[in-house]
Structure formats: C-alpha cells, structure tokens
Amino acid sequence: MAITTNLYCSSQVVKDDIRCEVCGTIDELTSFLGLAKSLLKEKPVKEFIELIQHNLFVLGAEVATKPKFIPQLKLRIGPSYINDLENRIKEFKKGISSRKPAFILPGEDFASSTLDVARTIARRLERRAVTLKRKHKLRNECILDYLNHLSNVLYSLARYVEKEPNYL
C-alpha cells in the first residue's frame, strides 16, 4: 500500500502531509465549483467560476512546490487576484436583496446550495492553509488573503444566483 506521493517539483511526501491536505481540498473545491458552474445559465457567472477554478490551479501549484522552486512558477497569487475578488463581491452584492441577513439557511435552490457547499470547502481550505503557514510551508501572504476573500465572494455569488434567500 502506497503511503507516499509526489508533489510538483518536490520529493515524495506522506499522503497526510499538510501540503497534500491543502492540495486535496483545492481539488475538492474546484470540483464543487465545476458542479455549480454546470447548473448555472448566466454566461458571465459561469466564466467567473471558471476563472476561480483557474486561480485555484495557480494556488495549488504554489502549495505543491518546494520553496526553492517557487521562482520558476510563471503565475502566482498576488494582489491583483485579491482586488478582482473584492470587486466581484461588490458587483454581486448590487444584485442581491437589500435586506440585511443575519444568517442564511442554505437550500433555496440547487445552484446556490452547491455554491454554499463550495463556500464551506473554501473556508476549510483557508483553515488548512493557515496550518501550512504556521508550519512555515507557505510564504505567500496573498494566498491567505485570497482564500479569505474567496469564501466571501462565494457567499455573495450564492445569494446572487438564488431567487429568494431564506434569511433567519
């Protein structure tokens, strides 16, 4: 039974290494976003979800790369990625109910529910990335900022695509 795996530009690591956990969670999030994308009809929203999926590949490549090989990566998460998410949050908030929600009860429709599941996975990914940072295996501060904004944009996007949010 194999208990090790290879990461990008890396030697073998045990499968429960924190970097494997983060990469696996990125994969899970990317897949759920694909499910959400398949349920939506609005082309700009689908394109935005696909952009997030691409960004997650960029993020995952950095997580899976040993620090000495990071300069060889052509793309890295930086401030422009975070600014884009901030702008999207503002954009989606314009298209949702003006009622101030305290909490949302997910489940109004399948597409928004799928985005809510993706949001919770993004929050778990952020927590695992914090562990990676605390173990000195993540040096790019923008990754944590990106993940924090990502869960917020997924919340806003879920509210944007559902017809009538169920506020508590």
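- Every side chain to side chain contact (heavy atoms under 4.5 Å, CB included) that T5 has, sequence neighbours left out, goes to V13, K15, C20.
- The salt bridge (charged side-chain N to carboxylate O under 4.0 Å, His left out) test applied to D84 returns R88, not counting sequence neighbours.
- Taking R139 as the reference, nothing meets the salt bridge (charged side-chain N to carboxylate O under 4.0 Å, His left out) condition, with sequence neighbours excluded.
- Every side chain to side chain donor-acceptor pair (under 3.5 Å) that E86 has, sequence neighbours left out, goes to H149.
- Residues passing the salt bridge (charged side-chain N to carboxylate O under 4.0 Å, His left out) test with E62 are R76, sequence neighbours excluded.
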Under 3.5 Å, side-chain donor or acceptor atoms of residues 43-52 against the rest of the protein: list the pairs with distances, not counting sequence neighbours.
residue : atom : partner : partner atom : Å
K46     : NZ   : K37     : O            : 3.2
K46     : NZ   : L40     : O            : 3.2
E50     : OE1  : K37     : NZ           : 3.2

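- In this structure T4 satisfies the side chain to side chain donor-acceptor pair (under 3.5 Å) test together with Q12, sequence neighbours excluded.
- Residues that satisfy the side chain to side chain contact (heavy atoms under 4.5 Å, CB included) test with A122, not counting sequence neighbours, are L29, L150, S151, L154.
- Taking the side chain to side chain contact (heavy atoms under 4.5 Å, CB included) definition, one finds that S38 meets it with L35, sequence neighbours left out.
- Contacts of F57 classified as side chain to side chain contact (heavy atoms under 4.5 Å, CB included), with partners at least two apart in sequence or in another chain: T30.
- For residues 121-132, the salt bridge (charged side-chain N to carboxylate O under 4.0 Å, His left out) pairs, not counting sequence neighbours, are E28-R124.
- Listed by chain and residue number, D17 satisfy the salt bridge (charged side-chain N to carboxylate O under 4.0 Å, His left out) test with K137 (two or more places apart in sequence, or in another chain).
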